[in-house]
Student: 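Mind having a look at this structure? Questions to follow.
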Amino acid sequence: MNEYNYNANNNGEENNSMNTYNGFSTDGGSPKKPKKHTGLKIAASLMAMLCVSAGSIGVYSQVEGRLKNAVAMVEEKVEEKVENIEKNDSTEPTAADTAAEVEKVGLIKTKISSSDEMATEDIVDKLLPSVVGVESKFTVTQENNGGFYFGFGGFGQQEQQPSTYSATGTGTGVVITDNGYIVTNAHVIYDSEHGAGEAESVSVILNDEKSYDAEIVGYDTDCDIAVLKIKAEGLTAAEFGDSDKIRLGESVIAIGNPLGFDLMDTVTGGMISGINRNITINDKAMNLIQTDAAINSGNSGGPLINKNGQVIGINSSKMSSTYSGEASIEGIGFAIPSNEVSSIVDDIMKYGYVTGKPQLGISCQDVTENIAQMFNLPQGVYVTAVSEGSAAEKAGIKSGDVITAVEGKEVKTSEELNAQKNLHSAGDEIELTLTREGKEETVKVTLDEVKNKNK
C-alpha cells in the first residue's frame, strides 16, 4: 500500500490506500577482479630472503664462491617461476572469478533464527536504524472522456483535452546493505492505478531524518519488489530471517510510516495468521504471509519482523472491505516472504528481471455475463491483441478468440487466467480451451519467459 497526496493544479487532495502492479526491472553489473601479481610478490619475498642470507654468510670467505653459485641457481629458478605465474595471471577473469563476482551481487542473505528471543523494545531498537521513509513524485495525466469505448466493436464518444496534475506517494523501505541499497514495494515507486507509471523522482529519509535522492535500480510489479540505491555509507543493514521456518501463531511486529511521515516509525504487533496464502491483488497472483499486525496506507515496503529481530517479510497490502463487498474487514494484512524477496532482489541485480515468470503474450478483456449475452459469446477472456513472436502467436491464438479454460479448468476473467498461468513456469506447455467463430478448440502453448527491463 502506498500513501498518496494528489494536487490537481495545486488544489485539492485525494488519498488512495493502494496502488496496482504493472511494470518491469533493470540490470545490474559485476566489476572485474583486479590483477593481484601474486608471482611478483613471491619473487620479491624470495629475493629479499636471499639478500639477507648473502649479507650474513658472505663474511665467511671460504664459502663465498659456493654461496654465489647457490644464489645464481635460486635466482634462475625464481625467474622461471615468475614467468610461469605471469603467464597465468591475466587481467581477464576466469569462469570461477566471474561466478564468484556474480555471487557477490546477492544482497540479502537469510539466516536461520537463533533460540534467543528478544524483548519487543529491543527488536525495535535493533531495526529502527534500518527502516526508512520513501517519497515518490509522479505526474498524472487524466483523460477527460465524456463517454466510453466498448472493446467488442461497440461505441465511443469524442474525448476532451487531457489534464495533468502532480502526485506524491509515500511508503517505507528497508536497508539491505551498509552502502545504500534499499528494498521496498514496486507500487511505492511505480503507479499503474492512475496511469502515472514510474516516479519522476524518489527520495529516501533515514531514521536520523537525513534525506537522499534515490536511484531506481530495478523493480518487478508482479512480485511487488523494488530496489533503490542512495549515495550513503555506514548504514545499518537489517538482518533477514528464513521465512520457510516461520510458524502459524508466531509473534511478529511491523514498522512503517502509515499515512505519511507525520507518523513515521509506527510500531504495531500481532502474529502470523496464515502461511502460503495464494492471494490475487489487482490481477496479480501472489504467495504471501498473512498477519494481524496493523498494516495501513504508507506501511508498504516496511519490515515484518520475528521475535529474534529478523525481517521475515516485506509488508505489501491490506485486505479491505471492497474485497468481499461486505462490512469492514480488520486485522488481515499481507507480507512478501523474505526468502522470495531475496530471490527477487538477486534476479533484478543479476539479470535485470525476475527469471522464470511465464508469459502468453496477449492483451485481453473479460467477457462478463452481460457482454456474453449482448454479443453471443461464451464467458471467458476475450483476446484483443496478440504480441508478435509471442507464445500465443506461435500457438496460433488470434485476436477475437475467447479463452474459456486452462488445463481443463474454467476461467471467466483475466484474473483467473493469470492465476492458472502463474501456476506454471516459463518453458512449460499448457493446454488452452478457446472459442473461435462459434467453434470450441484446444491449443497447446509453450510459455515464454518475461524478460522486461525498464532501463
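Numbering of residues begins at 1 and proceeds along the displayed sequence.
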Student: Mind checking side-chain contact (heavy atoms from CB on, under 4.5 Å) for K231 and listing every partner two or more places apart, or none if nothing turns up?
Tutor: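 Once residues adjacent in sequence are excluded, K231 has no partner under the side-chain contact (heavy atoms from CB on, under 4.5 Å) criterion.
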Student: What heavy-atom pair brings I189 and A226 nearest, and what distance separates the two atoms?
Tutor: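 Nearest pair, atom of I189 first, then A226: CG1-CB, 3.9 Å.
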Student: Rounded to the nearest 0.5 Å, what separation is found between the CD1 atom of I246 and the OG atom of S338?
Tutor: 7.5 Å
Student: Roughly how far apart are Y219 OH and N185 CG, rounded to 0.5 Å?
Tutor: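 Answer for the OH-CG pair, Y219 versus N185, is 14.0 Å.
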Student: Out of I403, L360, V402, which one pairs with V383 under the side chain to side chain contact (heavy atoms under 4.5 Å, CB included) rule?
Tutor: I403
Student: Do K111 and E239 come close enough that some side-chain heavy atom pair is under 4.5 Å?
Tutor: yes
Student: Under the side-chain contact (heavy atoms from CB on, under 4.5 Å) test, which residues partner A385, sequence neighbours left out?
Tutor: S363
Student: Report the residues that fulfil side-chain contact (heavy atoms from CB on, under 4.5 Å) with D178, sequence neighbours left out, ordered by chain and then residue number.
Tutor: none
Student: Can you tell me how far apart CG (L304) and CD1 (I336) are? Round to the nearest 0.5 Å.
Tutor: 11.5 Å
Student: Carefully, step by step, assess T172 and N299 under the rule side-chain hydrogen bond (donor to acceptor under 3.5 Å, both in side chains).
Tutor: CA-CA 6 Å; T172 309; N299 275 95; 5.3 Å; no
Student: If you look only at pairs with a residue in residues 371-380, which of them pass as a salt bridge (charged side-chain N to carboxylate O under 4.0 Å, His left out), with sequence neighbours excluded?
Tutor: none
Student: Taking the side chain from N308 and the backbone from D116, do they hold a donor-acceptor pair closer than 3.5 Å?
Tutor: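 Pair found, side chain donor or acceptor close to backbone of D116.
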Student: Residues in side-chain contact (heavy atoms from CB on, under 4.5 Å) with T236, at least two apart?
Tutor: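 T236: side-chain contact (heavy atoms from CB on, under 4.5 Å) contacts with P129, S130.
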Student: So V386 and K398, side chain to side chain contact (heavy atoms under 4.5 Å, CB included) or not? Walk me through it.
Tutor: CA-CA 7 Å; V386 178; K398 300 177 180 179; 5.6 Å; no
Student: Can a donor-acceptor pair be found, under 3.5 Å and without considering hydrogens, that links the side chain of N257 to the backbone of F261?
Tutor: no
Student: Side chains of residues 423-435: which donor-acceptor pairs under 3.5 Å do they make with residues two or more places apart or in other chains?
Tutor:
| from | atom 1 | to | atom 2 | distance (Å) |
| --- | --- | --- | --- | --- |
| D428 | OD2 | S425 | N | 2.8 |

Student: Quick check: closest heavy atoms across D448 and S390, and the distance to 0.1 Å?
Tutor: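 Heavy atoms of D448 and S390 come nearest at OD2-C, 3.5 Å.
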Student: What distance separates Y212 OH from I205 CD1, expressed to the nearest 0.5 Å?
Tutor: 12.0 Å
Student: Between K409 and E416, is there a salt bridge with N-O shorter than 4.0 Å?
Tutor: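 K409 and E416: not salt-bridged.
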Student: Over all heavy atoms of both residues, which pair between T177 and V175 is shortest? Give the atoms and the distance, please.
Tutor: O-CG1, 3.2 Å
Student: What pairs of donor and acceptor atoms, side-chain ones from residues 286-294 against any protein atom, are under 3.5 angstrom apart with sequence neighbours left out?
Tutor:
| from | atom 1 | to | atom 2 | distance (Å) |
| --- | --- | --- | --- | --- |
| N287 | ND2 | N278 | OD1 | 3.0 |
| Q290 | OE1 | R277 | NE | 2.7 |
| Q290 | OE1 | R277 | NH2 | 3.2 |
| T291 | OG1 | M271 | O | 2.9 |
| T291 | OG1 | A293 | N | 3.0 |
| D292 | OD1 | M271 | N | 2.7 |

Student: Taking side-chain hydrogen bond (donor to acceptor under 3.5 Å, both in side chains) as the test, write out the residues that go with K229, two or more places apart.
Tutor: none
Student: For E440, give me all partners under salt bridge (Lys or Arg N to Asp or Glu O under 4.0 Å), at least two apart in sequence or on another chain.
Tutor: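 Once residues adjacent in sequence are excluded, E440 has no partner under the salt bridge (Lys or Arg N to Asp or Glu O under 4.0 Å) criterion.
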Student: Measuring only between side-chain heavy atoms, which start at C-beta, is V311 closer than 4.5 Å to L127?
Tutor: yes
Student: Does E200 form a side-chain hydrogen bond (donor to acceptor under 3.5 Å, both in side chains) with T139? I'd like the steps, not just the answer.
Tutor: CA-CA 7 Å; E200 293 182 341; T139 296; 2.8 Å; yes
Student: Indicate whether any N or O donor in one side chain lies under 3.5 Å from an N or O acceptor in the other, for T368 and N370.
Tutor: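 Their side chains do not contain a donor-acceptor pair, so the 3.5 Å distance test is not met.
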Student: Do I255 and T266 touch side chain to side chain, with heavy atoms closer than 4.5 Å?
Tutor: no
Student: side-chain hydrogen bond (donor to acceptor under 3.5 Å, both in side chains) with D122: which residues, sequence neighbours excluded?
Tutor: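 Checked D122 against side-chain hydrogen bond (donor to acceptor under 3.5 Å, both in side chains); zero matches.
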Student: For N306 and G309, indicate whether the former's side chain and the latter's backbone hold a donor-acceptor pair under 3.5 Å.
Tutor: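 Yes, N306 side chain to G309 backbone: donor-acceptor pair under 3.5 Å.
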Student: Here's a test for you: under side chain to side chain contact (heavy atoms under 4.5 Å, CB included), which of I272, D242, V341, N339 qualifies with I312?
Tutor: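 Option passing the side chain to side chain contact (heavy atoms under 4.5 Å, CB included) with I312: I272.
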Student: Among V267, V131, I305, exactly one meets side chain to side chain contact (heavy atoms under 4.5 Å, CB included) together with V124. Which residue is that?
Tutor: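 That would be V267.
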Student: Keeping to residues at least two apart or across chains, list the salt bridge (charged side-chain N to carboxylate O under 4.0 Å, His left out) pairs with something in residues 250-275.
Tutor: none
Student: Which pair of non-hydrogen atoms, one from C364 and one from V381, has the smallest distance, and what is that distance?
Tutor: CB-CG1, 3.3 Å
Student: Indicate yes or no for a side-chain donor-acceptor contact from D220 to the backbone of A186 under 3.5 Å, with no hydrogens or angles considered.
Tutor: no
Student: Could you pull out all residues at least two apart from D401 that satisfy side-chain hydrogen bond (donor to acceptor under 3.5 Å, both in side chains)?
Tutor: R436
Student: Could you give the distance from NZ (K307) to CD1 (I123), rounded to the nearest 0.5 Å?
Tutor: 10.0 Å
Student: Could you tell me whether the side chain of L235 reaches within less than 4.5 Å of the side chain of L206, counting heavy atoms only?
Tutor: yes
Student: Passes side chain to side chain contact (heavy atoms under 4.5 Å, CB included), V188 versus S136? Steps please.
Tutor: CA-CA 7 Å; V188 172; S136 303; 4.2 Å; yes
Student: Give the minimum heavy-atom separation between S387 and E393, together with the two atoms involved.
Tutor: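 Heavy atoms only, the tightest pair is O-CB, 3.7 Å.
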Student: Which value, rounded to the nearest 0.5 Å, describes the distance between Y190 atom OH and F138 atom CZ?
Tutor: 10.0 Å
Student: Check whether any side-chain heavy atom of K421 sits under 4.5 Å from a side-chain heavy atom of N418, and report yes or no.
Tutor: yes
Student: Grab the two heavy atoms, one from A335 and one from N315, that are nearest each other, plus how far apart they are.
Tutor: CB-OD1, 3.6 Å
Student: Spell out, as yes or no, whether a donor-acceptor pair under 3.5 Å connects the side chain of T413 to the backbone of D366.
Tutor: no
Student: Evaluate the side chain to side chain contact (heavy atoms under 4.5 Å, CB included) criterion for residues V174 and F240: first the C-alpha distance (whole Å), next the side-chain angles of each, then the deciding distance (0.1 Å), finally the verdict.
Tutor: CA-CA 10 Å; V174 180; F240 279 72; 4.1 Å; yes
Student: Go through L417 and I362 one step at a time and tell me if the side chain to side chain contact (heavy atoms under 4.5 Å, CB included) criterion holds.
Tutor: CA-CA 11 Å; L417 173 61; I362 63 172; 4.2 Å; yes
